Amino acid sequence: MNIPTQKSGDSKAQIYEQLIPGIESLIKGVDNHVGALANVSAVLHSSFRYYFWCGFYIVKGDSLELGPFQGEMACYTIKKGCGVCGKAWEERRTIVVPDVLQFPGHIACSSKSRSEIVVPVFKGVEVAGVIDVDSEAYNSFDDVDKVGLEKIARIISPLFG
């Protein structure tokens, strides 16, 4: 897979549109779901300059457990409703946080994180996990990221559960 990387002048929308078919082909027919998620996180992390941390948390009982990721160390488990990840799981919707320091109950796995987006991954009607992306800059994520990552969440949903 040729991994697109954000260069000066490239729009985020262009990068996401280039990533979609690549991610589809990257996971097609792969039985190693952990490995596939690891590769998806690597592709996403390397494609966008503002992605400081990118990975997955997977629903296990009443918690989210850390899955494959790219970036610094992360929290092992997150309870439903706690932090941005737990809140996105509980509310079953994408949450974009322009300033994590202003988010009530934010879990600071890294003190470098300043903005975050969390996208639920659905398996049928249930949330099976989340895509979590952090940035060291404020206001990094917008509707373009929301739409792009929600498309990717639908593509990778067979890898959960």
Side-chain angles (χ1 to χ4, degrees), residues 3-20 23 37-123 126-157 159-160:
I3 300 171
T5 55
Q6 191 176 21
K7 299 174 190 72
S8 181
D10 289 344
S11 76
K12 291 196 272 188
Q14 289 172 315
I15 300 298
Y16 280 113
E17 287 306 312
Q18 292 172 24
L19 282 174
I20 301 295
I23 289 173
L37 288 173
N39 278 334
V40 171
S41 66
V43 166
L44 289 170
H45 189 262
S46 63
S47 294
F48 295 98
R49 290 175 295 188
Y50 58 98
Y51 275 33
F52 163 69
W53 193 96
C54 176
F56 305 97
Y57 280 92
I58 300 162
V59 173
K60 297 283 184 187
D62 64 348
S63 296
L64 291 168
E65 289 189 356
L66 180 63
F69 70 93
Q70 296 285 309
E72 294 186 0
M73 291 187 305
C75 303
Y76 284 111
T77 59
I78 299 172
K79 293 289 185 190
K80 192 172 201 175
C82 295
V84 184
C85 290
K87 195 56 107 170
W89 174 25
E90 179 181 66
E91 295 183 3
R92 306 168 52 82
R93 67 177 182 91
T94 298
I95 298 178
V96 177
V97 181
D99 179 354
V100 297
L101 302 176
Q102 301 303 313
F103 189 86
H106 177 255
I107 300 169
C109 294
S110 170
S111 62
K112 296 177 185 177
S113 180
R114 290 296 174 259
S115 60
E116 185 171 4
I117 184 170
V118 178
V119 177
V121 178
F122 290 91
K123 188 80 172 187
E126 298 298 321
V127 176
V130 298
I131 301 171
D132 181 18
V133 185
D134 291 54
S135 176
E136 291 180 295
Y138 294 104
N139 299 304
S140 291
F141 306 104
D142 56 23
D143 283 341
V144 173
D145 297 289
K146 180 181 184 291
V147 168
L149 289 170
E150 286 175 349
K151 285 180 184 176
I152 291 167
R154 286 189 293 278
I155 293 166
I156 65 171
S157 67
L159 301 174
F160 288 74

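Everything quoted here is computed from the prediction, not taken from an experiment. Start at 1 with the first residue, then count along the sequence.
Put simply, the side chain of Leu64 does not reach to within 4.5 Å of the side chain of Ile58, judged on heavy atoms. Residues Phe122 and Arg154 form no side-chain contact, since every pair of their non-hydrogen atoms from C-beta on lies 4.5 Å or further apart. Looking only at side-chain heavy atoms (C-beta outward), Val97 and Ile117 stay at 4.5 Å or farther from each other. Residues Val121 and Val119 fail the side-chain proximity criterion, which asks for heavy atoms closer than 4.5 Å. Residues Ser115 and Ser135 are in side-chain contact: their nearest non-hydrogen atoms beyond the backbone lie under 4.5 Å apart. Side chains of Leu37 and Phe160 form a contact here, defined as non-hydrogen atoms less than 4.5 Å apart. Between Phe56 and Asp132 the shortest side-chain heavy-atom distance does not fall below 4.5 Å. Here the side chains of Tyr138 and Leu101 are in contact, with some heavy-atom distance below 4.5 Å.
When atom types are taken as modelled, the side chain of Glu126 and the backbone of Lys123 share no donor-acceptor pair closer than 3.5 angstrom. Ser63 contributes no side-chain N or O that, together with a main-chain N or O of Lys60, makes up a donor-acceptor pair within less than 3.5 Å. A donor-acceptor pair is defined here as one N or O able to donate and one able to accept, closer than 3.5 Å; no such pair exists between the side chain of Lys80 and the backbone of Gly86.
Note: Thr94 OG1 to Phe141 CZ = 12.5 Å, rounded to the nearest 0.5 Å. Rounded to the nearest 0.5 angstrom, Ile20 CD1 and Ile15 CD1 are separated by 12.0 Å. Rounding to the nearest 0.5 Å places CZ of Phe52 at 10.0 Å from CZ of Arg114. Separation of atoms CZ (Phe48) and OG (Ser140) is listed at 12.0 Å; rounding is to 0.5 Å.
For the residue pair Ala153 and Pro120, the shortest heavy atom distance occurs at CB-O, 3.7 Å. Closest approach of Cys54 to Ser41, counting heavy atoms only: O-CB, 3.7 Å. Taking every heavy atom of both residues into account, Ser47 and Leu19 meet most closely at OG-CD2, 3.5 Å. The minimum heavy-atom distance linking Glu116 with Val84 is given by the pair OE1-CG2, 3.4 Å.
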Let me see the working for Ser46 and Tyr51 under side chain to side chain contact (heavy atoms under 4.5 Å, CB included), right down to the final yes or no.
CA-CA 8 Å; Ser46 63; Tyr51 275 33; over 6 Å; no
Take Glu150 and Lys146, measure what salt bridge (charged side-chain N to carboxylate O under 4.0 Å, His left out) needs, and give me the verdict at the end.
CA-CA 6 Å; Glu150 286 175 349; Lys146 180 181 184 291; 3.1 Å; yes
Derivation of the side chain to side chain donor-acceptor pair (under 3.5 Å) call for Asp145 and Tyr50
CA-CA 11 Å; Asp145 297 289; Tyr50 58 98; 2.4 Å; yes
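With sequence neighbours left out, Phe69 forms a side chain to side chain contact (heavy atoms under 4.5 Å, CB included) with Trp53, Leu66. Listed by chain and number, the residues in a salt bridge (Lys or Arg N to Asp or Glu O under 4.0 Å) with Glu90 are Lys87 (sequence neighbours excluded). Legend: residues meeting side chain to side chain contact (heavy atoms under 4.5 Å, CB included) with Val144, ordered by chain and number and at least two apart, are Lys12, Ala13, Tyr16, Asp142.
If you run side chain to side chain contact (heavy atoms under 4.5 Å, CB included) between Cys85 and each of Ile95, Ile78, Ile107, Ile131, only Ile78 comes through.
Between Phe103 and His106, the ring planes are perpendicular. Angles over 60° get that label, and only those under 30° would be called parallel.
With respect to Lys79 and Asp62, a salt bridge is recorded, a charged nitrogen being found less than 4.0 Å from a carboxylate O.
No more than 12 heavy-atom neighbours from other residues, nucleotides or ligands sit within 6.0 angstrom of OH on Tyr76.
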